[in-house]
Amino acid sequence: MRQKIVAGNWKMNGTIAETENLLRELLAGKLNNQNVKVVVCPPYTSLHVASKILNGSHIALGAQNMSEHARGAYTGEISPEMLLTAGVLYVILGHSERRQYHAETDQLVNAKVKLALQTGLIPIICVGELLSEREEGRTETVVGKQVAGTLSGLTAEALNKVVIAYEPVWAIGTGKTATPQMAQEVHAFIRDRLMAIDKTTAGKVPILYGGSVKPDNALGLHRQPDIDGSLVGGASLKADDFMAIINAV
Ligand code: PEP
């Protein structure tokens, strides 16, 4: 059985005090399914305090990005080793906001994925089409290219350690969600693309859905055979909503 995962992407939200409060609320929440892996991805400045609060708990820590370089003169960047030693296990790579506002390409994301894996971090690799691309009937072409590009050169062993997040860009932060059927179609397509890398491993890679996941639509999405959980933005900032989404896996 594939690992079920619900990850919260806090984006640029949360002072240290707000992080502490939200994490304490989440730790007090009732988890109905012990088989779901819960991940929170606060901003860099909150990672250290978050790792102390979460130490020994069922909630794992993730970061929202990292450098493609291991160390050196890269002002303002954060290396994978810095994340690992701050208690981070997961790292979101290639989020559409990084692609859109920081011109991140599949090639760059691929370099980050390889470095994350070498360092011992689990990459959550984001792919997804723009609204215009969906309307032009190019969803599979776009997503297929992103999957091939970001995973380029990965062995079956490496593929076994990644998580993919399908996040249609038009659904992120807009309140518009892909229907469970629309999402399932793309998830099945992504799994088929993973087969091209390694047939056995493809069936083991968790593929999360992201894009305005809320307590009232989570169950329908999570019930789809190729949807293994979700990557949640806005709703992960409210403990009750995030818990409801986790408990809908
Ligand atoms: C995201 O940022 O990855 C995301 C899916 O955001 P939201 O849930 O707010 O659409």
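By convention here, the first residue in the shown sequence is residue 1. Whatever order the structure lists them in is the order used to number ligands and atoms, beginning at 1.
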Does K238 form a salt bridge (charged side-chain N to carboxylate O under 4.0 Å, His left out) with E25? I'd like the steps, not just the answer. CA-CA 9 Å; K238 292 182 199 131; E25 281 176 38; over 6 Å; no
Heavy-atom donor-acceptor pair, H48 side chain to A86 backbone, under 3.5 Å: no
Taking A148's backbone N and O only, do any of them form a donor-acceptor pair with S152's side chain (distance below 3.5 Å, no angle check)?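 Absent.
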Please say which of T201, V162, N160 ends up in a side chain to side chain contact (heavy atoms under 4.5 Å, CB included) with L154.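 Output: one option passes, namely V162.
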Assess whether atom CZ of R223 is packed by more than 12 heavy atoms of other residues, nucleotides or ligands within 6.0 Å.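 Result for CZ/R223: open.
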For ligand 1, what is the set of protein residues having any non-hydrogen atom at a distance below 4.0 Å?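 The 4.0 Å shell around ligand 1 contains N9, K11, H95, E167, A171, I172, G173, G210, G211, S212, L231, V232, G233, G234.
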What is the distance from atom CD of Q146 to atom OG1 of T105, rounded to the nearest 0.5 Å? 11.0 Å
